[in-house]
Amino acid sequence: MTEDFETCDLTCSSPSGDPEEALKVKSWSMECEQPIFSALGGGMKLQKTVDAPRPTMSGSPGKTSLAAATSDTESGIYSVESELCVDHESELDWFCGTEQKLICSHCATVGSCQGHTVTPLATRVTRVRDKLVDVCEKMQLQALRIERFIEQTLAAKEQKLQAAASRAREQVLAQVSAAREALEEEEQRLLEEVQREEERVEQCLLTQRAHWGQALTNLSQTRSRLVHTLTHTPDAQLVTSVREIAERVEEAEGVGEPCDTDQLSLNPCCTESKLLRGLWATAVLLGPNTYGSSCLKFDERTVSPLLSLSEDFCTLTFLHKKPRQSPPYDPARFDSWPNALGSVSMSSGTHSWVVDVGQSGAFKVGVCYASLERKGSGNEARLGHNSQSWVLSHYDGDYSFCHAGKKVPLQVARRPERVGLLLDWQSQTLLFYEPHSCAVLYSVSQNFSAPLLPAFAVTDRSITILH
């Protein structure tokens with residue numbers, strides 16, 4: 001195929017002009033998105049030709065015909081024997097890109113495809129074949145990559161899988177073994193501690209039994225003597241025996257009154273274990289059962305005038321300036337301290353909730369009895385400064401646990417943005433933890449004697465109950 005028929009744009013200069021004169025050669029680029037098989041439709045029959053001559057026009061306008069477009073074998077172009085054009089009885093040796101169909105040269109110059117983008121059929125076929133060759137080459141390369149992936153990558157992965165699985169098993173066994181060893185040692189330590197405490201209490205009981213047994217014997221003997229004196233001593237002798245009687249009475253009174261003390265009971269602290277408590281808390285928090293209080297919010301009636309409550313009742317914000325208009329009086333409202341209580345009362349089961357403290361530099365979170373004082377600026381209404389509240393406090397960069405006015409400093413590795421609380425009523429345990437790592441910040445065991453309410457205070461920025 002010669003250079004003249006690479007790409008063309010056919011236009012007609014005048015209706016009466018020669019079609020051969022109107023054939024102009026211009027640059028043209030085929031649209032890549034056109035279907036690669038669309039040019040081969042129409043029932044064409046392709047034959048391979050070698051060294052075919054350049055196509056020429058001959059005959060009258062009504063009987064114009066073009067020779068088949070051919071090319072040499074090196075270019076891989078084939079001649080096309082197609083049907084004749086119905087309108088012009090010429091060979092369909094051109095392709096209209098606009099209408100995606102085969103046409104003759106007259107259709108392109110004076111016919112229905114005048115002004116459309118057209119291409120010699122041989123050129124179109126060449127491009128389609130070239131595209132097919134490219135597609136086949138890409139498929140072949142893809143097949144090679146797939147074979148290489150199967151033979152090399154997957155095989156290597158299978159070998160690495162066995163090694164990785166073996167290491168993972170060893171790691172699991174090592175971790176479980178270390179945990180089991182630590183638990184066994186802790187179990188042995190705690191059992192020995194319980195045994196020592198039991199022996200101590202038993203010894204105290206034996207001592208108390210012996211002491212009070214002897215006291216009871218002495219008291220009985222003294223009473224018997226006094227009764228005998230009272231019933232058998234003549235009046236004259238009784239009067240003169242007052243001093244002796246007084247000594248015996250003093251001896252009886254010196255026995256004292258027995259009383260129950262903590263020394264006669266098993267100390268519950270003998271079973272205290274940070275390891276077991278941490279494992280218990282982790283099991284509760286990460287286990288299949290959830291104990292979150294999804295309905296927990298701030299009780300609007302208890303919110304101090306120094307605080308602002310969000311519309312969803314989940315966020316408390318400290319007000320640096322006291323509002324001009326005070327909220328209506330409510331016996332449940334704190335009027336002096338920046339406190340608020342939760343809406344859920346807890347007297348059984350297990351409960352947990354999380355407070356987002358963000359960047360607040362001063363806050364308290366914990367629990368208190370519902371009977372906590374709400375009015376006045378005394379310690380009776382101040383969280384952590386009375387016997388009715390237990391809170392974790394953050395102030396001036398320090399963390400501490402506060403109860404009954406006593407503070408226990410806490411060592412916190414990093415400043416938590418969230419603080420979680422876990423209350424287990426059955427074990428009478430209150431635990432503060434860091435939700436992200438489940439690290440226990442502090443835990444306390446207390447014999448709670450009444451229902452508890454979540455308690456909060458903030459004097460810097462905001463805190464939010466999370467659900």
Side-chain angles (χ1 to χ4, degrees), residues 1-10 23-55 65-86 90-105 107-108 111-113 115-168:
M1 183 72 82
T2 60
E3 291 284 332
D4 301 56
F5 283 84
E6 283 295 316
T7 56
C8 301
D9 183 9
L10 302 184
L23 202 59
K24 305 295 181 179
V25 180
K26 297 182 180 180
S27 64
W28 176 85
S29 62
M30 183 179 66
E31 299 178 1
C32 297
E33 65 271 11
Q34 294 175 353
I36 61 176
F37 297 100
S38 60
L40 301 179
M44 296 183 297
K45 180 180 180 182
L46 306 180
Q47 295 181 347
K48 185 174 181 180
T49 61
V50 181
D51 298 333
R54 177 178 176 177
S65 64
L66 294 176
T70 60
S71 66
D72 55 23
T73 57
E74 295 181 358
S75 64
I77 300 175
Y78 296 81
S79 63
V80 180
E81 293 182 0
S82 63
E83 299 178 358
L84 298 180
C85 176
V86 177
S90 298
E91 292 185 8
L92 300 175
D93 52 2
W94 288 80
F95 179 78
C96 176
T98 304
E99 298 187 8
Q100 293 289 304
K101 67 178 183 178
L102 297 177
I103 61 173
C104 67
S105 59
C107 291
S112 59
C113 294
H116 293 180
T117 301
V118 298
T119 309
L121 182 59
T123 302
R124 177 69 176 181
V125 170
T126 300
R127 290 174 178 169
V128 172
R129 292 183 181 279
D130 290 344
K131 183 174 288 290
L132 287 174
V133 171
D134 292 341
V135 170
C136 292
E137 290 179 350
K138 291 179 180 179
M139 290 182 178
Q140 184 177 5
L141 293 175
Q142 184 181 9
L144 292 175
R145 289 193 296 270
I146 294 175
E147 291 178 358
R148 190 181 301 112
F149 177 79
I150 295 175
E151 296 174 358
Q152 298 179 7
T153 304
L154 294 183
K157 287 292 184 181
E158 289 179 354
Q159 296 178 355
K160 292 181 179 180
L161 172 63
Q162 298 176 358
S166 178
R167 289 194 300 270

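Residues: numbered from 1 along the sequence shown.
Among Thr123, Val128, Asp130, the single residue meeting the side-chain contact (heavy atoms from CB on, under 4.5 Å) criterion with Thr126 is Asp130. Exactly one residue among Cys107, Cys113, Ser105 makes a side-chain contact (heavy atoms from CB on, under 4.5 Å) with Trp94. That residue is Ser105.
Here the CD1-CD distance, from Ile150 to Gln152, works out to 11.5 Å after rounding to the nearest 0.5 Å. Residue Leu161 holds its CG atom at 10.5 Å from CD of Gln159, rounded to the nearest 0.5 Å. Distance CD/Gln100 to CZ/Phe95: 4.0 Å, rounded to 0.5 Å. If you take CG on Leu121 and CG on Leu102, they are separated by 5.5 Å, rounding to the nearest 0.5 Å. Expressed to the nearest 0.5 Å, how far CG of Asp93 lies from CZ of Arg124 amounts to 15.0 Å. Taking CD1 from Ile103 and OG from Ser90, the interatomic distance works out to 11.0 Å, rounded to the nearest 0.5 Å.
When all heavy atoms are compared, the tightest approach of His116 to Ser112 is CE1-O, 3.7 Å. Scanning all heavy atoms of the two residues, the minimum distance from Cys104 to Glu91 falls at CB-O, 3.3 Å. Arg127 approaches Thr119 most closely through the heavy-atom pair NH1-CG2, 4.1 Å.
Applying the side chain to side chain contact (heavy atoms under 4.5 Å, CB included) criterion to Gln142, with sequence neighbours excluded, gives Arg145, Ile146. Residues that satisfy the side chain to side chain contact (heavy atoms under 4.5 Å, CB included) test with Thr153, not counting sequence neighbours, are Phe149, Lys157. For Glu158, the side chain to side chain contact (heavy atoms under 4.5 Å, CB included) test picks out no residue, with sequence neighbours left out.
With hydrogens and angles disregarded, a donor-acceptor distance shorter than 3.5 Å links the side chain of Thr98 to the backbone of Thr117.
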